[in-house]
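Notes follow once the structure below has been shown.
In the text below, chain A, chain B and the rest are named by the order of the sequence lines, each starting its count at 1.
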2 protein chains.
Amino acid sequence: MSTASDISTAETTESRIWGAAAKLFYDKGYHATTMRDIASEVGIKAGSLYNHFPGKQDILLRISLQTTRELHEGAVARLDGITDIEEAIRAFLQWHVEFHAKNKLASRVADGQLPALSEENRLAVLEMRDAHEQLFRDLLRRGAAELGWTVADERVISFGILTMCTEVDAWFRDDGPLTAEAIGDMYADFVLRGLRGDSS
Amino acid sequence: MSTASDISTAETTESRIWGAAAKLFYDKGYHATTMRDIASEVGIKAGSLYNHFPGKQDILLRISLQTTRELHEGAVARLDGITDIEEAIRAFLQWHVEFHAKNKLASRVADGQLPALSEENRLAVLEMRDAHEQLFRDLLRRGAAELGWTVADERVISFGILTMCTEVDAWFRDDGPLTAEAIGDMYADFVLRGLRGDSS
DNA sequence: GTCTATAGATGGATAGAC
DNA sequence: GTCTATCCATCTATAGAC
């Protein structure tokens with residue numbers, strides 16, 4: 001079984017290419033990364049990459065699609081059985097932050113390199129990402145309905161919250177002072193206070 | 001005098017190149033944009049671009065540096081004379097949101113295309129961006145000191161807040177239902193509630 | 001599966017006429 | 001300032017030997 005945390009620890013040549021590409025796309029972007037760069041990172045020659053992937057575009061697609069799917073499916077799984085709405089939002093945000101921290105390379109590539117995907121490929125990734133965002137907007141709506149929150153604009157606020165949590169993939173460091181879980185707690189606390197809107 | 005809103009309305013060939021490049025870098029990214037693309041958008045040939053800029057890298061540098069400088073200097077100007085800390089934070093965030101909404105092309109290029117800048121050029125832009133972020137962290141610290149806010153981690157929270165407001169440049173539309181000012185209000189309200197932390 | 005070699009296309013930048 | 005023409009480097013992808 002492949003889980004999110006496997007992403008950087010697998011062992012086949014295909015998965016080593018996957019990981020090398022994710023790292024390079026993260027650092028330099030898709031167009032600035034060459035097939036020679038990727039091959040070099042893996043320790044093979046550029047031509048050999050084509051024994052594992054049909055082309056460069058396909059490497060990006062697989063990284064983006066797989067990562068976005070794992071993000072979304074993981075969120076759905078985390079919410080299973082949770083009925084309290086604040087608890088659900090907390091669980092969602094913690095998962096979202098932890099995933100982006102622990103899979104920072106692939107996660108940031110998955111949405112930062114969207115313009116580098118072909119139209120068809122981009123739509124496939126966006127469809128999955130939209131489902132994930134919709135899941136969160138539904139939670140926001142439930143909170144407003146059940147707890148009387150006044151969310152100024154559901155779309156604007158949800159974009160803001162998700163972006164804040166997503167961006168962790170830009171600065172998180174495994175060897176930093178904070179764990180992914182601790183950061184998830186901080187953001188969940190901050191967001192829930194903002195949503196409750198006790199004063200204004 | 002050049003203000004932020006002039007960015008897309010100037011008339012010299014140089015400024016038309018500036019605007020065309022910002023649009024293309026925004027849509028496709030620096031490396032996916034060719035000098036021929038930029039020239040075509042302006043209505044000239046690629047070779048003619050070199051009468052106005054020494055090269056492609058320099059076009060990106062000027063967009064990034066000028067935009068980041070205007071963002072920062074505008075914030076400093078907005079804060080002038082404001083002593084109340086909540087009012088100051090509100091003013092800062094409103095400016096930050098409005099700037100990114102009204103200069104969405106150049107703003108997004110300025111920090112999304114940082115990896116495409118040479119080491120030296122990137123450091124110049126980052127220095128200015130860091131000054132801007134530091135300004136906000138100082139406000140956060142003042143709020144914590146003066147009003148007893150409990151900010152879990154100043155750096156993590158400030159990154160989150162700024163990212164939320166910056167990302168407006170990814171989805172704002174001039175012809176959308178919300179003005180930049182309205183969005184700035186929403187985020188400032190949300191953030192200040194989260195900072196006050198009335199309940200937890 | 002790996003490699004070397006290369007085809008074929010494209011892009012940044014320059015030269016020089018106007 | 002504009003243009004056309006082109007150099008030269010580089011990149012993706014393929015061919016074919018091992």
Can you tell me the distance, in whole Å, between the [atom1] atom of [X] and the [atom2] atom of [N]?
| X | N | atom1 | atom2 | value |
| --- | --- | --- | --- | --- |
| A/L49 | D/dC11 | CG | P | 14 Å |
| B/K56 | C/dT14 | NZ | C1' | 17 Å |
| B/F53 | D/dG1 | CZ | C1' | 15 Å |
| A/Q57 | D/dT12 | CD | P | 12 Å |

Ion pair check, B/R122 and B/E119, cut-off under 4.0 Å: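 Counted as a salt bridge, because a side-chain N and a carboxylate O are separated by less than 4.0 Å.
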Pairs touching residues 136-156 of chain B that satisfy ring pair (Phe, Tyr, Trp, His ring centres under 6.0 Å), sequence neighbours left out: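 Residue pairs passing ring pair (Phe, Tyr, Trp, His ring centres under 6.0 Å), neighbours aside: B/F92-B/F136.
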Enumerate, atom names and distances included, each donor-acceptor pair closer than 3.5 Å involving a side-chain atom of residues 155-165 of chain B, sequence neighbours excluded.
| unit_1 | atom_1 | unit_2 | atom_2 | d |
| --- | --- | --- | --- | --- |
| B/S158 | OG | B/E154 | O | 3.0 |
| B/S158 | OG | B/R155 | O | 3.1 |
| B/T163 | OG1 | B/F159 | O | 2.7 |

Taking ring-ring contact (aromatic ring centres under 6.0 Å, His included) as the definition, give me every residue that meets it alongside [X], ordered by chain and number, with sequence neighbours left out.
| X | answer |
| --- | --- |
| B/F53 | none |
| B/H72 | B/H132 |
| B/F25 | B/Y30 |

Partner set under side chain to side chain contact (heavy atoms under 4.5 Å, CB included) for B/D174, not counting sequence neighbours: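 For B/D174 the side chain to side chain contact (heavy atoms under 4.5 Å, CB included) partners, ignoring immediate neighbours, are B/F172.
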Contacting residues from residues 23-36 of chain A, given that a heavy atom lies under 4.0 angstrom of DNA chain C: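 Listed by number, there are none.
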Salt bridge (charged side-chain N to carboxylate O under 4.0 Å, His left out): pairs with one or both residues in residues 34-54 of chain B, sequence neighbours excluded: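 As it turns out, the salt bridge (charged side-chain N to carboxylate O under 4.0 Å, His left out) pairs with a partner in residues 34-54 of chain B, which skip direct neighbours, are B/K28-B/D37.
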Within residues 37-48 of chain A: residues closer than 4.0 Å to DNA chain D (heavy atoms):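 Output list: A/G47.
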